[in-house]
Amino acid sequence: MTAAVATPRTIRIRGRRLPLSRAALHVFLIVMSGIWLFPLAWAAYTSLRPFGDTQVRGYVSLPGTLNFQNYVDAWDQAELPHFYLNTLLVTIPSVILTLFIASLLAFALTRFRFRFNLWLLMLFTAGNLLPPQVIIVPLFRLYNLIRGIPEPLSDNGLLYDQYTGIILIHVVFQLGFCVFVLGNYMRTISHELTEAAVVDGAGVWTIYRKVVLPLCRPALAALATLEFTFIYNDFFWALLLMKSGDRRPITSALNNLQGLFFSDNNLLAAGSILVAIPTILVFVALQKQFVRGLSLGSSKG
């Protein structure tokens, strides 16, 4: 006699039969995606409605008018082109410096054996656990003490109220995470590759630049996407370490859309969507490399 084999329960979706558990997983993911996208969709809907329409009908109502006037007003009133430039002057150098230094450190920590190797990697990892708020006061004082030759009656120095200071603090705080990710990724690269390069007469810099770094391109692309988003969305450090409003990044430009006694939420919604567009474009441009970097990092080890 042969034992009966129980067949899993299935459900037909679009002409395909799927196990009930897999269909339930699909439903769960669709519901979670809808919940995650709902605030963005609601902000886009609100941004297309004039304030007078929501004032009469309420925000939870069918619209009487839909137009792009809020986007035009937000673009002009918040001076977005100027603040876009300010943000790029901070974000692009910060991302490049962070990835370059992190790749060098990860290469040294994973390709060479020396004393305290593991402790150094743990130190960079532990740096991610330090809340930025802990060092507000000493960092602010340090930035004010580090001065070049300031102009008379000016309290600007080399770091405070300068793009250099913001870039440095971003590099320092993002370095630990990038070293940790790149270090784990480089450990999956076979040592035979670097040993073969040494036999062929390649130096350390050549091995790093022509052997290891090209293999880390998916991980670098994934980190570039994440770091661009993290640094671009920063408001805390720019508010703390920059006093000149016209030098701050674009996240602070949304404050220009708020009045002292009144705020047009429709206008703010339009400004928020305009501010978010660059990060969406970066993700779309690096989507394939981003997904590939995450999938390769999860499948190796």
Side-chain angles (χ1 to χ4, degrees), residues 2-50 53-54 57-68 70-71 74 95 125 128-129 131 174 177-178 180-182 184-185 187-188 216-235 251 254 265-301:
T2 58
V5 179
T7 59
R9 299 181 61 183
T10 61
I11 185 172
R12 182 180 293 275
I13 299 178
R14 292 185 178 181
R16 296 174 55 191
R17 285 197 170 274
L18 295 177
L20 193 59
S21 59
R22 190 173 183 84
L25 176 62
H26 285 186
V27 172
F28 173 77
L29 293 177
I30 291 173
V31 171
M32 290 296 102
S33 299
I35 293 174
W36 186 85
L37 290 173
F38 176 77
L40 179 62
W42 188 260
Y45 171 67
T46 302
S47 68
L48 294 173
R49 301 181 65 183
D53 183 48
T54 55
R57 299 170 180 265
Y59 284 96
V60 185
S61 63
L62 294 176
T65 304
L66 293 177
N67 55 50
F68 292 94
N70 286 324
Y71 289 91
V95 172
T125 305
N128 295 322
L129 305 178
Q174 300 299 331
F177 172 71
C178 292
F180 175 74
V181 173
L182 286 175
N184 288 335
Y185 193 88
R187 289 182 189 277
T188 65
C216 294
R217 190 173 300 169
L220 290 172
L223 283 175
T225 306
L226 292 175
E227 293 302 315
F228 183 90
T229 303
F230 295 158
I231 298 173
Y232 180 92
N233 289 329
D234 171 67
F235 178 76
T251 48
L254 294 177
N265 293 324
N266 306 61
L267 189 65
L268 282 171
S272 300
I273 291 176
L274 288 173
V275 168
I277 287 176
T279 56
I280 297 174
L281 294 178
V282 169
F283 176 78
V284 171
L286 299 176
Q287 183 178 10
K288 289 184 179 179
Q289 291 82 358
F290 179 76
V291 174
R292 185 184 173 198
L294 295 182
S295 60
L296 286 177
S298 63
S299 62
K300 293 183 178 182

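The structure displayed is predicted, hence computed values, not measured ones. Starting from 1, each residue takes its place in the sequence as its number.
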* **Considering all heavy atoms, the nearest Ala74-Leu267 contact** => N-CD1, 3.5 Å
* Could you tell me which non-hydrogen atom of Ala269 sits nearest to which non-hydrogen atom of Ala43, and how far apart they are? =>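 That would be CB-O, 3.5 Å.
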Out of curiosity, [X] [atom1] to [Y] [atom2], how far, rounded to the nearest 0.5 Å?
| X | Y | atom1 | atom2 | value |
| --- | --- | --- | --- | --- |
| Leu48 | Asn266 | CG | CG | 9.5 Å |
| Ile273 | Asn70 | CD1 | CG | 10.0 Å |
| Ile30 | Ile35 | CD1 | CD1 | 12.5 Å |
| Leu40 | Tyr45 | CG | OH | 15.5 Å |
| Asn67 | Ser47 | CG | OG | 10.0 Å |

* To do: Could I get the full list of ring pair (Phe, Tyr, Trp, His ring centres under 6.0 Å) partners for Phe228, not counting sequence neighbours?
  => Tyr232
* Structure fact -> For Phe38, the ring pair (Phe, Tyr, Trp, His ring centres under 6.0 Å) test, sequence neighbours excluded, returns Trp42
For residues 217-227, dump all side-chain donor-acceptor pairs below 3.5 Å to protein atoms at least two apart in sequence or in another chain.
{"residue": "Thr225", "atom": "OG1", "partner": "Ala221", "partner atom": "O", "Å": "2.9"}

* To do: Using modelled atom types only, decide if a donor and an acceptor are shared between the side chain of Thr251 and the backbone of Asp234 within a distance under 3.5 Å.
  => yes
* To do: Flag the pair Ile231 / Val95 as yes when at least one side-chain heavy-atom distance between them is below 4.5 Å, and no otherwise.
  =>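 Contact flag for Ile231/Val95 side chains = yes.
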* Asked: Is Leu66 close to Arg49 at the side-chain level, that is, under 4.5 Å between some pair of heavy atoms?
  -> yes
